[in-house]
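Here's the structure, in structure tokens; my notes come after.
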Amino acid sequence: MEICPELRYRRAMQTVSAPSMPIPGHIDPVPVPRSLKPRADGRIDLLGLSRDDLRMALETAQLEPKQAKLRAKQLWHWIYNRGVTDFSLMTDISKTMQPWLDQRFVVSRPAVIEAQVSTDGTRKWLLRSDDGQDYEMVFIPDADRGTLCVSSQVGCTLNCRFCHTGTMRLVRNLEPGEIVGQVMLARDALGEWPSQPEGRMLTNIVMMGMGEPLYNFDNVRDALKIVMDGDGLALSKRRITLSTSGVVPMMARAGEEIGVNLAVSLHAVTKEVRDEIVPLNRKFGIEELLQACADYPGANNARRITFEYVMLKDKNDSDADAHELVRLIKHYKLPAKVNLIPFNPWPGAPYECSTPERIRAFQEIVFGAGISAPARTPRGRDIDAACGQLKTAAEKKSRAELDRLAEEKQAALG
């Protein structure tokens, strides 16, 4: 028996976690699309949908399957290759189809609450989601590249003590469309449409903004697959780096299912110090973390793992720390480079930055062992856009409040 179109549409639009149930009768079952939750205006946002979900969104809106397949291909090109958000500007879609699409769908961008530009050219955007949640992204221009630092969560699951974002509560994960939307907005701001692989200012992406990407794995994976799609944004996986504080169980999956470069927020070489500044270490220790790095799919001398190491005065910056870092990298036979990051201060921070002389001495020991160890030049400090400074709520917290919040997060991690 044929299911009426209205009932078929309602079933397909339901947001459920269980697999879709087969629909009886002689028609093909309609899979539940990944994300078809309507906005407040009743329209479905197409940004962040996979190719299949984009096609299914059109089918659930009653387009015939062949028509939906064609329109999905056209929409994908206009959205991700041309950067177009207005259906009336999609010239190979008929004029009768354009208003039909506009009534049912939208191609969004994050709302920009504030845009700042540093004296060194770094740009920071404060963005707001449809449900009123704020998050940030940063673009760092260099002579030979331009890097977009993308957020994966509103707030952060972790409580790394040197990081301003770590003082925030985790509000929620960002959806694929909200992650991809950051890249789209940056391309808008830089005037980089249509998408072309040559001559771009935005050449690299780092998942190093607000949040721990591996605690939002599915959404990050799905967003980056869209970013890497050759028919759209077409950013090579070699130009994308995912940074983790050490969510060991997810690292192999990241290598297998995403395949981008890996960066690890190491920051210390002893259990005592790393337990303090990166409390996730109490759950996944240094040895377990480094073994996961050694096992990371695709890691080799051409695609080295980057270890991020923030330089904290009298905490992790001694000669002994540098020698132990070298020993660990060699023990696990890691194809590695170390980014030495001068600590970027923020209100209420419990640490100070190592002196330039101490950073140089640390660097010389690591470099002398044949391991690349560039010292990162802080960028965007004057607009709180530097590494570890992102935080959408700029209120100051007392040390007691920071300690209490750290204890709450650690208890939640188990």
Side-chain angles (χ1 to χ4, degrees), residues 135 137-138 147-166 168 170 173-174 176 179 182 204-225 227-228 237-269 274-275 277-299 303-310 325 328-329 332 334-339 341 376 387-388 390 409-410 412-414:
Y135 52 102
M137 70 174 190
V138 173
T147 303
L148 185 68
C149 187
V150 175
S151 292
S152 58
Q153 296 178 312
V154 179
C156 188
T157 317
L158 308 178
N159 54 300
C160 301
R161 293 302 299 274
F162 61 88
C163 178
H164 204 193
T165 313
M168 297 179 66
L170 175 68
N173 289 331
L174 292 177
I179 297 170
Q182 295 172 64
N204 293 67
I205 288 175
V206 290
M207 297 299 306
M208 294 184 187
M210 296 169 60
E212 165 55 64
L214 294 188
Y215 277 141
N216 186 19
F217 180 82
D218 288 351
N219 290 346
V220 168
R221 175 198 60 205
D222 294 350
L224 290 182
K225 283 187 175 181
V227 171
M228 295 184 289
K237 65 182 181 181
R238 296 180 181 276
R239 296 278 189 170
I240 300 173
T241 299
L242 184 149
S243 178
T244 179
S245 292
V247 186
V248 169
M250 303 303 297
M251 288 170 61
R253 280 190 67 190
E256 292 162 1
E257 298 181 33
I258 307 175
V260 296
N261 301 317
L262 180 69
V264 174
S265 295
L266 187 62
H267 306 307
V269 293
R274 196 164 193 267
D275 279 356
I277 65 177
V278 187
L280 185 64
N281 194 69
R282 300 171 195 168
K283 191 169 186 178
F284 307 113
I286 293 176
E287 293 79 11
E288 189 178 359
L289 172 60
L290 294 181
Q291 185 59 55
C293 291
D295 296 338
Y296 186 74
R303 297 187 66 196
R304 293 173 294 174
I305 293 172
T306 299
F307 289 101
E308 308 285 352
Y309 199 96
V310 65
L325 177 59
L328 287 169
I329 289 173
Y332 286 92
L334 296 170
K337 78 175 225 180
V338 180
N339 270 347
I341 307 170
R376 183 182 296 174
C387 184
L390 295 190
K409 287 187 175 182
Q410 188 57 44
L413 287 173

Any donor and acceptor pair, going by atom type alone, linking the side chain of [X] with main-chain N or O of [Y] inside 3.5 Å?
X: Asn216; Y: Asn173; value: no
X: Gln182; Y: Ser151; value: yes
X: Arg274; Y: Leu266; value: yes
X: His267; Y: Glu308; value: yes

Heavy atoms only: give me the nearest [X]-[Y] pair and the separation to one decimal.
X: Ala252; Y: Pro297; answer: O-CG, 3.9 Å
X: Phe284; Y: Gly246; answer: CD1-O, 3.4 Å
X: Val260; Y: Tyr296; answer: O-OH, 2.8 Å
X: Glu257; Y: Phe217; answer: OE1-CE2, 3.4 Å
X: Gly209; Y: Cys149; answer: N-SG, 3.4 Å
X: Arg304; Y: Ala336; answer: CD-O, 3.8 Å

Check the pair Ile179, Val220 against side-chain contact (heavy atoms from CB on, under 4.5 Å), reporting the backbone distance first and the verdict last.
-> CA-CA 7 Å; Ile179 297 170; Val220 168; 4.0 Å; yes
Set of residues satisfying side-chain contact (heavy atoms from CB on, under 4.5 Å) with respect to Thr241, sequence neighbours excluded = Val206, Met208, Asn261, Ala263
Yes or no on side-chain contact (heavy atoms from CB on, under 4.5 Å) for Glu287 and Tyr332, after CA distance, side-chain angles and deciding distance?
-> CA-CA 9 Å; Glu287 293 79 11; Tyr332 286 92; 3.3 Å; yes
Residues pairing under salt bridge (Lys or Arg N to Asp or Glu O under 4.0 Å) where one sits in residues 207-217, two or more places apart or in two chains, turn out to be none
Quick one: does Ile258's side chain get under 4.5 Å of Met228's, heavy atoms only?
-> yes
Given the options Val264, Leu214, Val278, Leu289, Ser245 meets side-chain contact (heavy atoms from CB on, under 4.5 Å) only with Val278
Looking at Asp218 and Arg221, does any basic side-chain N land under 4.0 Å from a carboxylate oxygen?
-> yes
